[in-house]
Amino acid sequence: MSAESQAIVDSDNPKHIAIIMDGNGRWAQKRLMPRIMGHHAGVKAVRKIVEYCAKSNIEVLSLFAFSSENWRRPKDEVNLLMELFMATLQSEVNKLDKNNIRLKIIGDKTAFSDKLQEKIRAAEQQTENNTGLTLVIAANYGGRWDITQAVQKIVAAIASGEIEQQAISEELINQYLVTADLPEPDLFIRSGGEERISNFLLWQLAYTEFYFTEALWPDFDQQLLEQAVISFKSRQRRFGHTGEQMIAIKR
Ligand code: IPE
Ligand code: IPE
Ligand code: MG
């Protein structure tokens, strides 16, 4: 096996890795380039990480590409990001499909142009029966938006008599989130040095292990991902139990 094709296939691996890909702008600015060049370099890093996760039998990789707050950026940057999103979707979907990767876009898609919404629908449809890695791209996503849209749907379902108020439970709420069909993230990574959630998967990250790296996203690579996974594997997840209980459960 060549070094290129080696990957982390291991039963202790995180099933679901969620990443805030931060630092594109600073990566470009450090090189006296316009911020958009950092986003282009960021797409290259995405390709490599997706490839690596697919080879490593990771079940789900969720990438935060555009937050519901990113509309606050200068109009030019927002427009260029939308163009890049559309172009990337177009150029990558066949490759994803060939590699048995299922693509899922989460977020408030109604804010996107009709053309982009159509491209998203087509790409999801083309890859929906793939059984390898599920690649989740969070675009115009916000954790608060996700919880809000779930509440709206639950209230509507109660009003129409479809469900009863007493049926509201954590499991039910989970079913109305846009991540309903996915396992909860095991490992959360944020590049770019900031240590915050920035409104990513708020509900879903309740028991996720956090890992922060100073590396700017375009510099994020297989080695850095491996370091994060090694750190993840060195931790004891207790979910409220004692350490001793967890050792007994593992046996
Ligand atoms: C993350 O990189 C990508 C998006 C938010 C679209 P940034 O653009 O936030 O990069 P920095 O934080 O300014 O360096
Ligand atoms: C979070 O990064 C969103 C994405 C990476 C898409 P930001 O750069 O927008 O986060 P803040 O504004 O620094 O919290
Ligand atoms: Mg940023």
Side-chain angles (χ1 to χ4, degrees), residues 1 3 5-24 42 45-46 48-65 67 101-102 104 106 132-138 141-144 146-147 170-171 173-174 177-251:
M1 203 191 243
S5 66
Q6 263 170 27
I8 35 161
V9 182
D10 188 325
S11 62
D12 287 342
N13 271 345
K15 286 191 171 63
H16 182 173
I17 302 177
I19 307 182
I20 297 188
M21 311 182 286
D22 198 20
N24 292 349
V46 168
K48 287 195 197 135
I49 293 304
V50 169
E51 224 173 88
Y52 182 67
C53 287
K55 277 193 309 218
S56 304
N57 287 351
I58 301 291
E59 281 178 27
V60 185
L61 174 67
S62 295
L63 301 175
F64 205 6
S67 78
I101 295 170
R102 176 169 79 113
K104 184 179 164 82
I106 59 167
L133 175 73
T134 294
L135 173 62
V136 179
I137 303 291
Y141 179 86
R144 290 178 177 173
D146 195 0
I147 294 167
E170 290 185 10
E171 289 70 33
I173 293 172
N174 219 16
L177 296 172
V178 292
T179 50
D181 60 332
L182 306 172
E184 282 174 14
D186 301 297
L187 172 60
F188 163 96
I189 300 171
R190 181 171 186 146
S191 64
E194 313 295 349
E195 302 192 350
R196 53 178 174 253
I197 303 187
S198 300
N199 200 15
F200 198 22
L201 303 157
L202 297 180
W203 171 283
Q204 297 86 341
L205 292 172
Y207 264 105
T208 304
E209 296 296 327
F210 281 52
Y211 184 89
F212 298 98
T213 170
E214 291 290 326
L216 301 173
W217 177 253
D219 295 326
F220 193 87
D221 60 9
Q222 175 173 329
Q223 270 84 30
L224 288 166
L225 181 59
E226 277 171 357
Q227 277 174 28
V229 171
I230 287 168
S231 166
F232 169 83
K233 287 182 178 176
S234 75
R235 303 179 194 185
Q236 185 190 44
R237 303 179 78 187
R238 290 194 280 276
F239 303 99
H241 292 97
T242 66
E244 291 71 25
Q245 283 178 305
M246 294 315 293
I247 291 166
I249 290 169
K250 266 212 146 175
R251 270 204 210 105

(request) Go through D221 and L224 one step at a time and tell me if the side-chain contact (heavy atoms from CB on, under 4.5 Å) criterion holds. (result) CA-CA 5 Å; D221 60 9; L224 288 166; 3.5 Å; yes
(message) Donor-acceptor check, side chain of S191 to backbone of M21, threshold 3.5 angstrom: yes or no?
(response) no
(message) Classify the ring geometry of F64 against F200: parallel below 30°, tilted from 30° to 60°, perpendicular beyond 60°.
(response) parallel
(message) Walk me through whether R237 and E209 qualify under side-chain contact (heavy atoms from CB on, under 4.5 Å).
(response) CA-CA 8 Å; R237 303 179 78 187; E209 296 296 327; 3.3 Å; yes
(request) Taking the side chain as every heavy atom from C-beta outward, state whether K104 and D181 have any atom pair closer than 4.5 Å. (result) yes
(request) Answer yes or no: is there a donor N or O on one side and an acceptor on the other, between the side chain of N199 and the main chain of G143, under 3.5 Å? (result) yes
(request) Taking all heavy atoms of N24 and all of G42, pick out the closest pair and write down the distance. (result) OD1-CA, 4.0 Å
(message) Minimum heavy-atom separation for I189 and A228, please, with both atom names.
(response) CD1-CB, 3.6 Å
(message) Determine whether a donor-acceptor pair (N or O, by modelled atom type, separation under 3.5 Å) exists between the side chain of D186 and the backbone of K15.
(response) yes
(request) Work out which heavy atom in I17 is nearest to a heavy atom in L225; give both atom names and the distance. (result) CD1-CD1, 4.3 Å
(message) Quick check for you: to the nearest 0.5 Å, what is the distance between K48 atom NZ and Q222 atom CD?
(response) 10.0 Å
(request) Could you go through the salt bridge (Lys or Arg N to Asp or Glu O under 4.0 Å) check for D12 and K233 one step at a time? (result) CA-CA 7 Å; D12 287 342; K233 287 182 178 176; over 6 Å; no
(message) Let's go through I101 and V50 carefully: what are the C-alpha distance in whole Å and the side-chain angles of both, what is the deciding distance for side-chain contact (heavy atoms from CB on, under 4.5 Å) to 0.1 Å, and is it a yes or a no?
(response) CA-CA 9 Å; I101 295 170; V50 169; 3.8 Å; yes
(request) Supply the atom-to-atom distance I58 CD1 to L133 CG, rounded to the nearest 0.5 angstrom. (result) 8.0 Å
(message) Against R190, only a single residue in I20, I197, I19 fulfils side-chain contact (heavy atoms from CB on, under 4.5 Å); can you say which?
(response) I20
(request) Kindly give the heavy-atom pair with the smallest separation between N13 and S56, and that separation in Å. (result) ND2-O, 3.8 Å
(request) For residues L216 and G23, report the shortest heavy-atom separation together with the two atoms involved. (result) CB-O, 3.7 Å
(message) Taking atom CZ as the centre, does R144 end up with more than 12 heavy-atom neighbours from other residues, nucleotides or ligands that are less than 6.0 angstrom away?
(response) no
(request) Identify, with sequence neighbours excluded, every residue that meets salt bridge (charged side-chain N to carboxylate O under 4.0 Å, His left out) alongside R196. (result) E194
(message) As an exercise, state the distance from CZ of R102 to CG of L135, rounded to the nearest 0.5 Å.
(response) 10.5 Å
(message) So does D22 get a backbone contact from the side chain of W217, meaning a donor-acceptor N/O pair under 3.5 Å?
(response) no
(message) Please check: side-chain N/O of D146 versus main-chain N/O of L177, any donor-acceptor pairing under 3.5 Å?
(response) no
(request) Evaluate the side-chain proximity of V229 to Y211: yes if any heavy-atom separation is below 4.5 Å, no if none is. (result) no
(request) Look at the side chain of T213 and the backbone N and O of A215, then say whether any donor-acceptor pair between them is shorter than 3.5 Å. (result) yes
(request) Give a yes or no on whether the backbone of Q227 and the side-chain of S231 come within a donor-acceptor separation of less than 3.5 Å. (result) no
(request) Starting from the C-alpha separation in whole Å, work towards a yes-or-no answer on side-chain contact (heavy atoms from CB on, under 4.5 Å) for L63 and V136. (result) CA-CA 6 Å; L63 301 175; V136 179; over 6 Å; no
(message) Just verifying a value: how many Å separate L187 CG and S62 OG, rounded to the nearest 0.5 Å?
(response) 11.5 Å
(request) To the nearest 0.5 Å, tell me how far F188 CZ sits from L205 CG. (result) 6.0 Å
(request) Taking salt bridge (charged side-chain N to carboxylate O under 4.0 Å, His left out) as the test, write out the residues that go with R238, two or more places apart. (result) none
(message) Could you measure the distance from the CG atom of L61 to the NE2 atom of H16? Nearest 0.5 Å is fine.
(response) 7.5 Å
(request) Return yes if some donor-acceptor pair links the side-chain N/O of Q236 with the main-chain N/O of M246 below 3.5 Å, else return no. (result) no
(request) Determine whether more than 12 heavy atoms belonging to other residues, nucleotides or ligands lie under 6.0 Å from atom CD of E170. (result) no
(request) Without swapping roles, check the side chain of T242 against the backbone of Q245 for a donor-acceptor pair under 3.5 Å. (result) yes
(message) Looking at every heavy atom in both T179 and I106, which two are closest together, and how far apart are they?
(response) CG2-CD1, 4.2 Å
